[in-house]
> 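Let me begin by handing over the structure; questions about it come next.
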Amino acid sequence: MSEKIYDVPTAWAQRAFLDDHGYRAKYEASVHDPEAFWGEEGKRIDWFEPYTVVKNTSFAPGAVSIKWFEDGVTNVAWNCIDRHLETRGDQVAIIWEGDDPSQSRKITYQELHDEVCRFANVLRNRNVEKGDRVTIYLPMIPEAAFAMLACARLGAVHSIVFAGFSPDSLASRIRDCDSKVIITADEGLRGGRKVPLKANVDAAIAKVEGGVDHVIVVKRTGGAVEMEPGRDVWYHAAADLVTSECPATPMNAEDPLFILYTSGSTGTPKGVLHTTGGYLVYAAMTHQYVFDYHDGDIYWCTADVGWVTGHSYIVYGPLANGATTLMFEGVPNYPTNSRFWEVIDKHQVNIFYTAPTAIRALMQAGDEPVRKTSRASLRLLGSVGEPINPEAWEWYHRVVGDDRCPIVDTWWQTETGGILITPLPGATRLKPGSATQPFFGIVPQVVDAEGKVLEGASEGNLVIADSWPGQMRTVYGDHERFMQTYFSAYPNKYFTGDGCRRDDDGYYWITGRVDDVINVSGHRMGTAEVESALVAHPKVSEAAVVGYPHDIKGQGIYAYVTLMSGVEPSEELRKELVAWVRREIGPIASPDLVQFAPGLPKTRSGKIMRRILRKIAEDEFGNLGDTSTLADPGVVNDLISQRQNKKPAAA
């Protein structure tokens with residue numbers, strides 16, 4: 001692990017909201033008296049009816065309950081738009097940069113208000129009301145933000161499905177939350193290629209019993225799509241018929257805001273449920289302090305709204321703070337490897353927040369595409385989605401930031417709603433590869449397998465000992481699964497599913513997932529979901545999927561596949577299986593390596609020993625541990641000899 005330390009630049013210590021002393025004092029107050037601390041911080045958003053109860057939470061076995069500001073009444077869209085109109089109606093709220101570099105658009109807070117109200121009225125005309133679920137399957141276009149905020153304005157619960165997911169994945173998510181309205185586009189654009197979104201929606205609806213009532217279609221490319229009369233409507237046509245005024249529905253702090261599905265280790269996606277008040281307070285506060293956001297800053301988070309980072313740090317957090325937030329439709333390497341840096345120069349971006357996967361891919365393209373741009377406007381860099389390796393951190397700091405921009409390497413999850421462990425740019429000395437220290441109100445602990453809390457420098461599993469306002473409240477429709485997944489391994493604590501090392505300085509280093517979830521390019525993929533897709537292929541008898549270290553993605557997907565009797569392995573079949581998974585789940589889940597395996601290492605009870613498969617996939621099979629419990633220890637040697645990830649022999 002890198003132990004190089006970067007001090008806080010003097011200019012940052014002077015300009016930032018907090019220096020080291022300020023951070024320590026505020027953190028101490030936040031954990032010493034959470035009620036008083038959050039009682040004060042809750043006032044950063046506007047309330048129609050102020051709260052009198054701040055924190056009412058329990059992690060107790062069988063009785064997990066999380067409520068913040070529970071008697072307060074507010075509205076998220078009001079806080080993100082209406083309260084800013086008097087002072088910043090003409091300020092740019094969203095800068096949109098298209099896939100094609102010649103396309104961009106600036107939307108002021110007043111224009112955002114009008115667009116969101118129109119979208120809300122289009123939904124109201126289709127009988128959408130408070131509590132209804134609306135599925136959004138859109139590319140990174142302004143209408144994605146309008147649709148989210150329109151749902152929030154009405155009190156409808158949005159469920160965004162990443163536009164790279166397949167019809168099957170979309171169908172399962174529509175079905176789980178019983179959504180009757182879908183918002184999509186004719187096609188998406190990504191790296192110059194078209195994505196058939198409306199066709200995917202039609203295919204998904206065909207798999208949902210009872211179908212849906214309404215499909216609202218945004219025209220993005222003008223490509224030909226089928227429209228079903230009575231069900232499908234063009235958004236622009238519907239918007240022409242409504243006004244740009246729509247009242248904001250009063251929402252209780254604990255009313256649901258959105259559901260976001262994340263892969264679980266059982267194969268069926270989990271609907272992570274976030275509510276209104278606490279989530280917005282936490283998203284706004286973390287956005288302000290972690291990115292040290294000051295009025296006038298141009299802030300760009302490169303995530304997709306289909307992931308939680310897009311929810312919290314493109315839309316809700318920045319807009320609640322009256323920020324100018326950039327939304328990017330494209331990809332880092334289109335039309336060239338300089339695209340990110342050209343966008344930074346074009347829009348004079350000050351704060352840039354992206355994923356280690358993108359950084360590693362751009363690092364492979366060399367320094368030249370970066371060096372040919374100015375990037376002089378940059379002041380702060382950020383990283384999100386997975387741990388960043390020290391080499392990539394150093395390159396990001398040296399080449400992208402010209403050795404002058406601190407990096408906030410943030411650790412958090414879909415479930416946490418916002419950032420939990422992070423540097424603060426004016427307060428924290430940086431160690432490449434470390435997420436450093438907890439945010440306010442966050443009480444991390446390192447525990448061993450038995451749950452014993454480890455003190456000082458130690459390595460184990462990362463748990464959080466107390467609640468925070470941004471925490472998910474439940475798994476939609478399945479509170480039992482919520483308690484089982486996050487609170488059963490270590491009673492009275494939230495188990496993150498991540499391993500962690502804490503060093504002598506109290507800095508946290510995230511070491512990766514400890515459950516059956518792979519982190520591919522910052523996107524969590526349940527191994528069970530990929531296995532289910534493989535086994536659905538008629539020639540596959542059994543499959544086991546594990547993660548392995550990947551130079552670009554962080555983790556790659558390694559699939560061990562046992563074929564049906566009489567089926568011969570071949571390169572054609574390997575390609576067919578990869579294409580099959582792409583079709584079943586989406587490109588993000590494509591296996592990087594497929595190993596045909598006549599047998600898998602199983603215990604006598606039939607449980608697959610994934611520990612062994614992981615070691616072989618990592619090409620680290622020297623110490624496989626005890627294999628005596630295997631029903632057929634002989635399969636291991638075959639797996640080792642046929643492994644797909646052999647390191648090149650030393651010259």
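Keep in mind that this is a model prediction, so the values were computed, not measured. Just so you know, residue 1 is the first one in the sequence shown, and it goes up from there.
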> Can you list the steps and then say if Asp292 with Arg379 is a salt bridge (Lys or Arg N to Asp or Glu O under 4.0 Å)?
CA-CA 10 Å; Asp292 203 70; Arg379 200 173 53 246; over 6 Å; no
> Does the side chain of Asn321 reach to within under 4.5 Å of the side chain of Arg44, using non-hydrogen atoms?
yes
> Count the heavy atoms of every other residue, nucleotide or ligand shown that sit under 6.0 Å from CD of Glu86, and state whether that count exceeds 12.
no
> Quick one: does any side-chain atom of Ser58 pair with a main-chain N or O of Ala63 as donor and acceptor, under 3.5 Å?
yes
> What I'd like to find out is whether the side chain of Met285 reaches to under 4.5 Å of the side chain of Phe440, using heavy atoms alone.
yes
> Run Tyr494 and Tyr486 through ring pair (Phe, Tyr, Trp, His ring centres under 6.0 Å) and show every step you take.
CA-CA 6 Å; Tyr494 167 80; Tyr486 302 105; 5.5 Å; yes
> Would you say Tyr299 and Val349 make side-chain contact, with heavy atoms under 4.5 Å?
no
> Okay, side chain of His84, backbone of Leu319: is any donor-acceptor separation there less than 3.5 Å?
yes
> Between atom CG of Leu326 and atom NZ of Lys106, what is the distance when rounded to the nearest 0.5 Å?
9.5 Å
> Do the side-chain N and O atoms of Ser172 and Tyr261 include a donor-acceptor pair separated by under 3.5 angstrom?
no
> Going by the angle between their ring planes, with limits at 30° and 60°, are Phe162 and Phe165 parallel, tilted or perpendicular?
perpendicular
> Under 3.5 Å, side chain of Arg220 to main-chain N/O of Ile141, donor-acceptor pair present?
no
> Would you call Asp132 and Arg126 a salt bridge, using N to O less than 4.0 angstrom?
no
> Between Thr357 and Glu386, do the side chains contain an N or O donor and an N or O acceptor separated by less than 3.5 Å?
yes
> Please name the pair of heavy atoms, one in Val92 and one in Ile95, separated by the smallest distance, quoted to 0.1 Å.
CG1-CG1, 3.8 Å
> With salt bridge (Lys or Arg N to Asp or Glu O under 4.0 Å) as the criterion, how do Glu115 and Arg105 come out once you've worked through the C-alpha distance, each side chain's angles and the decisive distance to 0.1 Å?
CA-CA 14 Å; Glu115 294 278 8; Arg105 180 180 168 194; 3.1 Å; yes
> Please name the pair of heavy atoms, one in Trp78 and one in Ala248, separated by the smallest distance, quoted to 0.1 Å.
CB-CB, 4.2 Å
> Ring of Trp234, cation from Lys219 - is the NZ or CZ under 6.0 Å from the centre and inside 45° of the axis?
yes
> Any donor and acceptor pair, going by atom type alone, linking the side chain of Thr474 with main-chain N or O of Tyr476 inside 3.5 Å?
no
> Would you say Asn121's side chain and Cys117's backbone share a donor-acceptor pair under 3.5 angstrom?
yes
> Whether the Asp19 and Trp12 side chains hold a donor-acceptor pair (N or O, under 3.5 Å, no angle test) is what I'd like checked.
no
> What orientation do Phe328 and Phe340 show, parallel under 30°, tilted 30 to 60°, or perpendicular over 60°?
perpendicular
> Using a strict cut-off of less than 4.0 Å between a Lys/Arg side-chain nitrogen and an Asp/Glu carboxylate oxygen, indicate whether Asp90 and Arg88 qualify as a salt bridge.
no
> Taking atom types as modelled, find out whether His294 and Arg15 have a side-chain donor-acceptor pair closer than 3.5 angstrom.
yes
> Can you say whether the rings of Tyr313 and Trp412 are parallel (under 30°), tilted (30 to 60°) or perpendicular (over 60°)?
perpendicular
> Of all heavy-atom pairs between Tyr279 and Gly417, which one has the smallest distance, and what is that distance?
CE1-O, 3.5 Å
> How many angstroms lie between OG1 in Thr221 and CG in Asp99, if you round to the nearest 0.5 Å?
11.5 Å
> Using side chain to side chain contact (heavy atoms under 4.5 Å, CB included), reason through Thr135 and Val161 one step at a time and then give a plain yes or no.
CA-CA 7 Å; Thr135 297; Val161 179; 4.0 Å; yes
> Please determine, by modelled atom types, if Tyr353 and Thr410 share a side-chain donor-acceptor pair under 3.5 angstrom.
yes
> Using a strict threshold of under 4.0 Å (side-chain N to carboxylate O), is an ion pair present between Arg153 and Asp82?
yes
> Ignoring hydrogens and angles, state whether a donor on the side chain of Ser467 or Thr57 is under 3.5 Å from an acceptor on the partner side chain.
no
> Just verifying a value: how many Å separate Asp71 CG and Glu254 CD, rounded to the nearest 0.5 Å?
10.5 Å
> Work out which heavy atom in Ala120 is nearest to a heavy atom in Ala150; give both atom names and the distance.
N-CB, 3.5 Å
> How long is the gap from CG on Leu462 to OG1 on Thr496, to the nearest 0.5 Å?
4.0 Å
> Ignoring hydrogens, what is the shortest heavy-atom contact between Ala238 and Val233? Give both atom names and the distance.
CB-CG2, 4.0 Å
> When the ring planes of His311 and Phe258 are compared, do they come out parallel, tilted or perpendicular, using 30° and 60° as the limits?
tilted
> Could you go through the side chain to side chain contact (heavy atoms under 4.5 Å, CB included) check for Phe37 and Val31 one step at a time?
CA-CA 8 Å; Phe37 179 84; Val31 294; over 6 Å; no
> Search all heavy atoms of Cys405 against all heavy atoms of Leu378 and return the closest pair with its distance.
SG-O, 3.6 Å
> Relative to the ring of Tyr51, is the ring of Trp47 parallel (under 30°), tilted (30 to 60°) or perpendicular (over 60°)?
perpendicular
> So Tyr289 and Thr286, do their side chains get closer than 4.5 Å, heavy atoms only?
no
> Do Thr249 and Asn75 pair up side chain to side chain, a donor and an acceptor below 3.5 Å, judged on atom types alone?
no
> Are the side chains of Val76 and Met251 in contact, using a 4.5 Å heavy-atom criterion?
no
> Testing the 3.5 Å rule here: is there a donor-acceptor pair between the side chains of Tyr137 and Asn200?
yes
> Rounded to the nearest 0.5 Å, what separation is found between the CG atom of Asp176 and the OG atom of Ser159?
8.5 Å
> Classify the side-chain pair His347/Trp300 by whether it contains a donor and acceptor separated by less than 3.5 Å.
no
> Show your working on ring pair (Phe, Tyr, Trp, His ring centres under 6.0 Å) between Phe487 and Phe495 and close with a plain yes or no.
CA-CA 6 Å; Phe487 299 93; Phe495 178 37; over 10 Å; no
> Around Lys67, counting heavy atoms of other residues, nucleotides and ligands shown, do more than 12 lie under 6.0 Å from its NZ?
no
> Does any non-hydrogen side-chain atom of Glu415 lie less than 4.5 Å from one of His274?
no
> Could you check whether Arg231 pairs with Asp202 (Lys NZ or Arg NE/NH1/NH2 to Asp/Glu carboxylate O, under 4.0 Å)?
yes
> Please round to the nearest 0.5 Å and tell me the distance separating atom CG of Leu138 and atom CD1 of Ile183.
6.5 Å
> Using salt bridge (Lys or Arg N to Asp or Glu O under 4.0 Å), reason through Asp255 and Arg473 one step at a time and then give a plain yes or no.
CA-CA 10 Å; Asp255 282 337; Arg473 302 311 198 240; over 6 Å; no
> Does Tyr282 reach the side chain of Thr416, with side-chain heavy atoms less than 4.5 Å apart?
no
> So, the side chain of Arg133 versus the backbone of Cys177: is there a donor-acceptor pair under 3.5 Å, distance only?
yes
> Please report the C-alpha distance between Glu97 and Arg339 in whole Å, then the side-chain angles of each, then the deciding distance to 0.1 Å, and finally whether the salt bridge (Lys or Arg N to Asp or Glu O under 4.0 Å) criterion is met.
CA-CA 11 Å; Glu97 173 75 14; Arg339 184 66 192 280; 2.8 Å; yes
> Side chain of Ser383, backbone of Asp409: donor and acceptor closer than 3.5 Å?
no
> Can you check whether Phe482 reaches Val64 side chain to side chain, under 4.5 Å on heavy atoms?
yes
